[in-house]
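Below: one structure, written as structure tokens.
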2 protein chains.
Amino acid sequence: MSERPNYEQVLRAAGVRITRQRAVILRVLSDSDDHPDAMGIFRRASRIDPSVSLTTVYRTMKLLEEKGEIHRHAFEGGPSRFEHADSDHHDHLIDLDSGEVIEFTSDRIEALQREIAAELGYEIVHHRLELYGRKAKG
Amino acid sequence: MSERPNYEQVLRAAGVRITRQRAVILRVLSDSDDHPDAMGIFRRASRIDPSVSLTTVYRTMKLLEEKGEIHRHAFEGGPSRFEHADSDHHDHLIDLDSGEVIEFTSDRIEALQREIAAELGYEIVHHRLELYGRKAKG
DNA sequence: ATGCAATTGCAAATCATTTTCAACAAGAGC
DNA sequence: GCTCTTGTTGAAAATGATTTGCAATTGCAT
């Protein structure tokens with residue numbers, strides 16, 4: 001499900017100009033299955049087109065975020081990492097040794113969260129659940 | 001429960017010198033029941049002793065964090081906020097309108113987290129659960 | 001092809017936080 | 001109480017991630 005988003009189309013539809021560098025960044029992004037940070041995207045894009053600047057990577061990320069096309073995650077002690085927004089909601093388990101990000105979902109946790117917030121008299125707008133751990137031995 | 005931690009005693013026992021400015025910062029901190037950020041602590045401490053610098057606030061926070069006396073929370077889009085580490089583990093609900101931080105706990109959520117991590121082959125070292133919401137109307 | 005507003009790269013600016021460094025002050029020992 | 005040693009301080013500069021100002025450039029509608 002939810003494969004290779006066509007960011008170019010979305011932006012174009014929003015009246016945004018698709019420049020050469022933007023096209024490269026968007027391609028890099030839709031070819032990514034991990035959770036790269038701006039520098040990582042910049043490196044990948046640079047290899048394809050050296051004229052891409054880190055500034056434009058940031059500008060494009062902000063643009064896509066505003067359009068709701070990607071999500072920005074600020075995991076502890078590190079730069080923001082980005083991912084497609086098209087997939088279903090999920091939380092993250094971060095491998096403390098490798099930095100790898102594993103996605104997971106739990107309807108039960110989601111339900112409990114809503115329950116807790118309600119008890120406190122609140123409605124959840126969004127939440128952040130991150131598990132930091134290491135591979136269990138054995 | 002868990003009231004007015006005596007940071008001074010802890011630091012002194014660790015061989016740390018209690019300077020005039022440090023004493024002020026520690027007092028401000030143990031008099032706080034909220035989740036102030038470095039600038040907030042600096043402002044409160046400054047009023048008591050103008051010789052306290054923001055630098056020293058940061059240095060003292062880092063020190064207390066290393067000694068395990070306080071916890072640092074980086075809520076989204078803002079500076080780190082600190083709180084006593086003495087109380088039991090809890091998660092946070094952040095009021096999007098006021099910035100107020102409400103603490104809560106849920107053994108069920110904790111258990112579910114461990115369960116999920118285990119299924120993925122991981123052991124949780126720590127986690128972060130933050131609910132961002134607004135007061136429910138009615 | 002033309003024109004103009006959107007976009008670019010670079011450098012400088014921000015923001016939170018840390019580090020450098022010379023001046024200063026805890027507090028152990030006398 | 002006085003010294004001495006070494007930790008600590010404030011101010012300013014450095015960091016790291018990200019944003020912004022600006023003059024030059026370039027999509028792309030016409």
Side-chain angles (χ1 to χ4, degrees), chain A residues 7-29 35-43 45-67 70-82 99, chain B residues 7-29 35-67 70-83 99:
Chain A
Y7 296 124
E8 196 166 318
Q9 200 160 54
V10 174
L11 290 187
R12 215 181 274 278
V16 173
R17 289 183 187 170
I18 304 306
T19 63
R20 185 160 48 90
Q21 22 280 83
R22 212 107 94 169
V24 173
I25 293 170
L26 297 179
R27 187 152 81 70
V28 163
L29 208 55
H35 298 66
D37 58 26
M39 186 52 75
I41 295 166
F42 170 66
R43 274 193 291 266
S46 282
R47 225 178 305 131
I48 299 173
D49 182 341
S51 86
V52 173
S53 73
L54 181 56
T55 302
T56 293
V57 170
Y58 274 114
R59 275 196 277 239
T60 304
M61 291 308 106
K62 171 164 277 198
L63 198 54
L64 289 172
E65 195 186 9
E66 285 165 5
K67 299 281 175 258
I70 61 173
H71 286 317
R72 172 193 302 256
H73 298 292
F75 298 129
E76 49 184 43
S80 294
R81 298 171 67 163
F82 307 90
Chain B
Y7 297 125
E8 196 165 317
Q9 201 160 56
V10 174
L11 290 186
R12 217 181 273 279
V16 172
R17 288 183 190 170
I18 304 305
T19 63
R20 185 160 49 89
Q21 22 280 85
R22 212 108 91 170
V24 173
I25 293 169
L26 297 179
R27 186 152 82 68
V28 163
L29 209 54
H35 299 66
D37 58 25
M39 185 53 75
I41 295 166
F42 170 66
R43 274 192 291 265
R44 297 179 199 181
S46 283
R47 227 179 302 132
I48 300 173
D49 182 342
S51 85
V52 173
S53 71
L54 180 56
T55 302
T56 293
V57 171
Y58 274 115
R59 275 195 278 238
T60 303
M61 291 307 106
K62 170 165 276 199
L63 198 54
L64 289 172
E65 194 186 8
E66 284 165 5
K67 300 282 176 253
I70 61 172
H71 287 317
R72 172 194 302 258
H73 298 292
F75 299 129
E76 49 184 42
S80 294
R81 299 172 66 162
F82 308 92
E83 69 173 2

Could you pull out the protein-nucleic contacts involving nucleotides 15-18 of chain D (nitrogen or oxygen on both sides, under 3.5 Å)?
residue, atom, partner, partner atom, Å
D:dT18, OP1, A:S80, N, 2.9
D:dT18, OP1, A:S80, OG, 3.0
D:dT18, OP2, A:Y58, OH, 2.4
D:dT18, O5', A:Y58, OH, 3.4

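A search for side chain to side chain donor-acceptor pair (under 3.5 Å) contacts involving B:R44 returns B:S32, B:D34, not counting sequence neighbours. Residues satisfying the side chain to side chain donor-acceptor pair (under 3.5 Å) test with A:T55, not counting sequence neighbours, are none. Residues passing the salt bridge (charged side-chain N to carboxylate O under 4.0 Å, His left out) test with A:R27, sequence neighbours excluded: A:D31. For A:H73, the ring pair (Phe, Tyr, Trp, His ring centres under 6.0 Å) partners two or more places apart in sequence, or in a different chain, are A:F75, A:H92. In this structure B:T19 satisfies the side chain to side chain donor-acceptor pair (under 3.5 Å) test with no other residue, sequence neighbours excluded. Residues passing the side chain to side chain contact (heavy atoms under 4.5 Å, CB included) test with B:R72 are B:E65, B:S80, B:F82, sequence neighbours excluded. Judged as a side chain to side chain contact (heavy atoms under 4.5 Å, CB included), and not counting sequence neighbours, the contacts of B:S51 are B:R20, B:Q21, B:D49.
Of all nucleotides in DNA chain C, those with any atom nearer than 4.0 Å to a heavy atom of chain B start and finish, going 5' to 3', at C:dA16 to C:dG27.
Five base pairs at each end of the helix from C:dA1-D:dT30 to C:dC30-D:dG1 define two local axes, and these are offset by 30° (rounded to 10°).
Atoms CD1 and OH, from A:I41 and A:Y58 in turn, are 9.0 Å apart once rounded to the nearest 0.5 Å.
A straight line from CZ of A:R12 to C1' of D:dA29 spans 13 Å, rounded to a whole angstrom.
DNA chain C is contacted by both B:T55 and A:T55; A:T55 maps to the nucleotide lying nearer its 5′ end (nearest heavy atom per residue).
Within the nucleic acid shown, A:V57 has no heavy atom closer than 4.0 Å to any nucleic acid atom.
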I'd like to compare against my own output: the B/S/- annotation of nucleotides 3-8 of chain D with a strict under-4.0 Å heavy-atom distance to protein. ---BBS

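Applying the salt bridge (Lys or Arg N to Asp or Glu O under 4.0 Å) definition to pairs two or more places apart or across chains, those involving residues 8-18 of chain A are A:E8-A:R12.
Taking each heavy atom of A:L54 and A:A38 in turn, the nearest pair found is CD1-O, 3.9 Å. Contact record, B:M61 with B:I70: O-CD1, 3.5 Å, taken as the closest heavy-atom pair. In terms of heavy-atom proximity, A:V52 sits nearest to A:S46 at O-OG, 4.1 Å.
Between A:L64 and A:L26, the closest side-chain pair of non-hydrogen atoms falls below 4.5 Å.
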